[in-house]
Participant: 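Encoded as structure tokens, here's the structure I'll be asking about.
Predicted model, so just to flag it, every value in this text is computed and none were measured. Below, chain A is the first sequence line, B the second, and so on; all start at residue 1.
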Number of protein chains: 2
Amino acid sequence: MTESNNQPYHHGDLRRVLIEAALGMLQEDKGLQFTLREIARRAGVSHAAPYRHFSDKVALLTELAEVGFEKMGEQLTAAIQENLPIEEQLIAIAKAYIKFGTSNPALYQLMFSADAGEKEDERAMATLNILITLLKRGQEEGAFKIRPLQGHAAACCAMVHGLTMLAIHGLLEPEKFGENPIESALATLLEGIAN
Amino acid sequence: MTESNNQPYHHGDLRRVLIEAALGMLQEDKGLQFTLREIARRAGVSHAAPYRHFSDKVALLTELAEVGFEKMGEQLTAAIQENLPIEEQLIAIAKAYIKFGTSNPALYQLMFSADAGEKEDERAMATLNILITLLKRGQEEGAFKIRPLQGHAAACCAMVHGLTMLAIHGLLEPEKFGENPIESALATLLEGIAN
DNA sequence: TATCCAATGTTTTCATTAGAAACATTAAAA
DNA sequence: TTTTAATGTTTCTAATGAAAACATTGGATA
């Protein structure tokens, strides 16, 4: 191809572009049933090109989940406010957690869906760990009940994950759960945890 | 086909058999990525036969979810024990709920996934309603805090759904959450709810 | 600098799938 | 008995994931 074509043979940055395209589709379609070929199309590249960067579809999903965990981690650490009382810190983190999930529903579900491979379980746990760390600090500072840290941890993680999933699926209807179900559910959780 | 063949042209009970085959695959594969053709194969019919009973794949998924909600409803009502104190009733129902989910992971996720169509949201809510009814009774009997029923409802539903999903994905590891995370998480929830 | 080679894209091919359409068989109504 | 609607089958199309063979290109190396 000697004629001056603005599409060079080598894309140069395809891997990144593929990931961005996939992230875009996750946002739009709200489902993780996108096709590898559609991603290739969006990237302006042949349908086989992605296989040079990802061994198969699962590999791309895994990468997407990884990106998601990084983004989520950033947003969670950004939500930390050391000066606040520990209870409010916990609530703030929980809200940031849920907000990430509801803002990136398909991505969030992918991250916690195990379609993305084994390793993602560890990442998911690491993310939930932020909450657990706060719980422990709360106990040490005397703000939270001592007895079963592990039980509180499970309760806390299940609550944020459950709220996120229910919110994603539009099941937190105001008629049943009030105008601000997330806020009040977290308040109820706190009553079970705090002194 | 005049020869005596034990496979008659008309299956006679295909719709039911298709559903059972699909339920079987949901149990085995643990994912809802089964194919309509595989189901037809299992039922011993041509790959187009299912379309006589289900307009498309989503229609079958919807039906599966419906069956799931019925099964789950039965198991939940079977778990009701009127003679117990209301707190223990709540815990018993919650455990039955989670048990159904962990025993039928793919089916449970389908039921709450919205892949099965709009109507399933109502069914999901109706299922969660059993918990809410109990909460209301608990308040009337003075066992539960009065203040925000809706908040308690949201907390309760999010907790059972969250525990179910975490358990399904194997994220309730003993090292982090103890030997019986479900039990203790529910105990923590109850502390936030009960007087 | 000229050459080679590994990385990255493309084209071609295959098996599988969802679904539509046309045809076959059968049970039951008229 | 005849007709017809329900239910199955065959055949076809378009799309997909994936593998294989081929093309291009930028950089290491001699």
Participant: Does the C:dA18 base have a donor-acceptor partner in the side chain of B:R37 within less than 3.5 Å?
Facilitator: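 Yes.
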Participant: Should A:H47 be listed as having a side-chain N or O under 4.0 Å from OP1 or OP2 of C:dT11?
Facilitator: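 No, outside the criterion.
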Participant: When you check the gap from the basic side-chain N to the acidic O, do B:E140 and B:R137 get nearer than 4.0 Å?
Facilitator: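 No, no charged N to carboxylate O under 4.0 Å.
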Participant: Expressed in angstrom and rounded to an integer, what is the separation of A:L14 atom CG from D:dT25 atom P?
Facilitator: 16 Å
Participant: Mind calculating the distance between NZ (A:K57) and C1' (C:dT17) to the nearest angstrom?
Facilitator: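 Going from A:K57 (NZ) to C:dT17 (C1'), I get 12 Å.
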Participant: Report the distance from atom CG of B:L189 to atom OG1 of A:T188, rounding to the nearest 0.5 Å.
Facilitator: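 OG1 of A:T188 is found 8.0 Å from CG of B:L189.
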Participant: Whole Å only: how far is the CZ atom of B:R52 from the C1' atom of C:dA24?
Facilitator: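 Rounded to whole Å, this separation is 11 Å.
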Participant: State whether B:F100 and B:K95 meet the cation-pi test: NZ (Lys) or CZ (Arg) under 6.0 Å from the six-membered ring centroid, and within 45° of the perpendicular axis.
Facilitator: no
Participant: Can you check whether B:R41 has a side-chain N or O nearer than 4.0 Å to OP1 or OP2 of C:dT17?
Facilitator: yes
Participant: Specify the separation, in whole Å, of atom CD of A:E38 and atom P of D:dG17.
Facilitator: 10 Å
Participant: Could you check how far OH of A:Y51 sits from P of D:dA19, rounded to whole Å?
Facilitator: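 Nearest whole value for this atom pair: 7 Å.
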Participant: Which nucleotide, C:dG9, D:dG8, D:dT16, lies nearest any side-chain atom of B:A49?
Facilitator: D:dG8
Participant: Rounding to a whole Å, what distance do you find between B:D56:CG and C:dT17:P?
Facilitator: 17 Å
Participant: On DNA chain C, does the nearest nucleotide to B:L36 precede the nearest nucleotide to A:H53 from the 5' side, or the other way round? Give the residue.
Facilitator: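 On the 5' side of the pair lies A:H53.
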Participant: Roughly, in whole Å, what's the span from CG in B:L60 to C1' in C:dT17?
Facilitator: 15 Å
Participant: Among D:dT9, D:dA21, D:dA19, find the nucleotide with the atom closest to the side chain of B:A48.
Facilitator: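 Closest nucleotide to the B:A48 side chain: D:dT9.
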Participant: Does a side-chain N-to-carboxylate-O contact under 4.0 Å join B:R16 and B:E63?
Facilitator: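 B:E63 and B:R16: not salt-bridged.
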Participant: Given A:E120, which partner from the list A:M111, A:E66, A:M125 fulfils the side chain to side chain contact (heavy atoms under 4.5 Å, CB included) test?
Facilitator: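 Looking at A:M111, A:E66, A:M125, the match for A:E120 under the side chain to side chain contact (heavy atoms under 4.5 Å, CB included) is A:E66.
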Participant: Would you say a side-chain N or O of B:T35 is under 4.0 Å from OP1 or OP2 of C:dT17?
Facilitator: yes
Participant: To the nearest Å, how far apart are A:F54 CZ and C:dG9 P?
Facilitator: 11 Å
